[in-house]
Amino acid sequence: MITVAYDPYIERAIERIIPHLKGSFHLSKRAIALLLIAGDEEITTIMRERDRAALDVIQESVEAVARMYADPIPYVLATQRQGIVDRIVAQSSVQRERRLTGFGDRLGQATLNPVFGVPVLILTLLTLYLWVGVFGAQVVVDWLERVVFENGINPWVVQTVAHFLPWPAIRDLLAGEYGVITLGFRYAVAIILPIVGTFFLAFAIIEDSGYLPRLAMLIDKLFKMIGLNGRAVIPMALGFGCDTMATIVTRTLETRRERVLATLLLALAIPCSAQLGVILGVLVSHPLALLSWAIVVVGVFVFVGLISSRILPGERPSFFMELPPMRPPRLSNVLLKTYARMEWYFLEVMPVFLIASVLIWLGRLTGVFELLLAVLAPIVRALGLPEEAAVAFLFGFFRRDYGAAGLYDLQGTLSGVQLLVASVTLTLFVPCVAQFAVMLKERGWKVTLGVVAFILPFAFIVGWSLFRVLTALGITL
Amino acid sequence: MRCSFCGREFDPDAAFLSCEGCPLTGHCGLLRCPHCGFDNVPEAQAIRLFRRILARKSGRDKVASLPTAEAQITLADLSPGQSAQVIGLVSENGGRSQALKLVAIGLLPGAEVLLLRRFPSFVFQIGSSDFAVDSDVAKLVVVKPKESDHGSRGHTGS
């Protein structure tokens, strides 16, 4: 450990402050004294709560030392520390000429330039789509659904249950149309897991390559228009994986205003990987509908961002970020990260799916489910959808992707326009149970209720307008 | 706010100080001008909101134009590939919290910085690290440019 020796004035102030610090602080008393001298708000607040009288004495010493310098104290401390660092570095290291020769360096430079950066971004997104949307959401999901579940597990479960359990209600709970195993377990394993897994793997590679800060730098000017700064690219990009996790990550934004804005946009217009994958899978047979879906959702994102950044009070965001060099990610680290995230997701998602299955079973048994469906039916009909789609919307309350997965089952019976309207509404629709809980925890109930009160009617209004405009123009997709 | 009778400026939050001697108690919804004693009707919330939407652009310029930085050369005035020595940081007008962050990465008097690009954000090198900032932050760093020192890093960016 190195103890930095500061100016005599500062050293004397430290000596005078230390005797007034009583109890434990988790840090050395010297460090606490220095933080107090630098005017650190957190420590000052802690001291004020703990020992008002001591703080008054300490602040006298702090003010006395501040008078000795023309510059602000944090600046003085940093200068003195930097001086010591420079001396140590000069004594102990040899500086080699920094050259840009490697592929990573050249790629790193190219991504900073909009002329190359934008094509690189499009290429990245395209690769991500092919990997998650086509390979994960179609190839793997198809195989798991058709081969493993429909021909393997489901018939076996239905048979076994029919053989051993004489009560139809219990039979339904396990293996009925909305059964714990036949629906909950199947959705979680066959539809969600492959999509989330492929996304998390790709995201870990992107994250470890050092690409995200470059993306933040590239996009900062655009994000300023919607009241955010480039830094918000990280929660937003993560939102395409899991909005719940992304809502937690909005902590990295500096102002409360930015956090509220990011939370709203995540809840409204960023589909999570599970939902995205299912929607891609549903709309892939109607390319025009897929394109319109993307345009509408991006449009809503920009529109709501523009409006709310003008309405919400608060200071303008500023952008500041280190650009680490681009490096090839380490395989072991990528795999470990993907595994940890998948485990977290699976542990979080599985109970919710199973509980949702049980709730639906309970709801059906008691008639509550039918009642809710009857309430939703007119809304669903207003969107030009068959009443069966109400089930998908009801599922959407439990999990976003759960709802979208319900749409997957209806795929064959709906027209292009209907699929588009349903996908748009489900994308904008309420956040899932887990995201809702995290929003409550991170933003408080006021903001959360405000966000939900805005999103619910808004999602249906957008869906309804879309349906009306498309039918009025006689467009089929 | 500006008093609509005498036209002088006063702080609406401090207006209650001039309420002494008035028979109305609290929350009368009026703001008494401390200069002339005229009871002003405060602007309605809805109007203020609407005004804020319209006035966003001009409000933004006020933040960006730091009077002390204007006269000096800042990081934002360098061209890509140009290096400079840091003279100091502008810390008034809300720049303080930003300035503290810049201090923490070593942007101190005498430090050498190299501007790598200006668009879409400012990217500069200090020591062996690169940082990206927006123009508002770049304007906080007052520098002294070095003469004819181009391309020390082999590329200038475009």
Side-chain angles (χ1 to χ4, degrees), chain A residues 38-41 71-72 74-83 85-86 89 95-101 105-106 108-110 112-115 117-118 213-214 216-224 227 229-231 254 307 309-313 315-325, chain B residues 48-50 52-57 59-64 80 88-89 91-92 94-111 114 116-117 119-140 152-158:
Chain A
D40 185 89
E41 280 172 30
D71 294 318
Y75 192 72
V76 173
L77 293 175
T79 315
Q80 296 186 12
R81 271 196 289 259
Q82 187 68 43
V85 169
D86 286 346
V89 169
Q95 198 80 28
R96 241 189 303 175
E97 185 77 17
R98 185 175 168 185
R99 267 176 309 181
L100 294 168
T101 45
D105 290 324
R106 249 178 274 151
Q109 288 307 316
L112 293 176
N113 188 330
V115 180
V118 173
R214 274 150 232 273
M217 172 266 183
L218 209 58
I219 222 158
D220 177 56
K221 278 218 160 69
L222 296 175
F223 265 38
K224 286 273 167 64
N229 79 61
R231 212 172 254 274
E254 275 169 46
I307 297 296
S309 74
R310 273 151 214 245
I311 291 174
L312 274 177
E315 52 186 298
R316 203 163 106 83
S318 62
F319 175 60
F320 173 95
M321 199 165 213
E322 180 169 5
L323 299 177
Chain B
R48 206 178 308 160
L49 189 73
F50 190 64
R52 196 154 61 207
I53 295 171
L54 293 177
R56 201 181 66 107
K57 261 242 134 63
R60 169 189 273 208
D61 290 338
K62 231 181 276 162
V63 181
L89 299 170
S91 72
E92 54 260 40
R96 193 181 147 83
S97 65
Q98 294 302 329
L100 286 182
K101 245 186 291 168
L102 295 172
V103 163
I105 64 163
L107 274 174
L108 295 161
L114 170 64
L116 297 174
R117 64 169 43 250
F119 184 82
S121 299
F122 288 85
V123 177
F124 62 88
Q125 185 191 343
I126 176 162
S128 40
S129 308
D130 292 355
F131 290 89
V133 296
D134 60 20
S135 60
D136 289 354
V137 178
K139 279 182 190 145
L140 298 174
S152 64
R153 197 168 141 172
H155 94 108
T156 49
S158 51

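A, B, ... follow the sequence lines: proteins, then strands. Residue 1 opens every chain.
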### Summary
Checked B/Ile105, B/Val133, B/Leu102 vs chain A; the most non-hydrogen pairs under 4.5 Å come from B/Val133

### Task
Quick one: which of B/Ala104, B/Pro109, B/Gly110, B/Gly106 has the most heavy-atom pairs under 4.5 Å with chain A, could you say?
B/Pro109

### Task
Taking A/Asn229 for its side chain and A/Phe319 for its backbone only, find out whether a donor-acceptor pair lies under 3.5 Å.
no

### Message
Between B/Arg117 and B/Phe122 (side chain of the first, backbone of the second, donor and acceptor by atom type, cut-off under 3.5 Å), is there such a pair?
### Response
no

### Task
Could you tell me which portion of A/Leu112 (side chain, backbone, both or neither) has an atom closer than 4.5 angstrom to a non-hydrogen atom of chain B?
both

### Message
Is a donor from one side chain sitting under 3.5 angstrom from an acceptor on the other, for A/Gln82 and A/Asp86?
### Response
yes

### Smallest separation among heavy atoms of B/Asp134 and A/Ser318, with atom names
OD2-CA, 3.3 Å

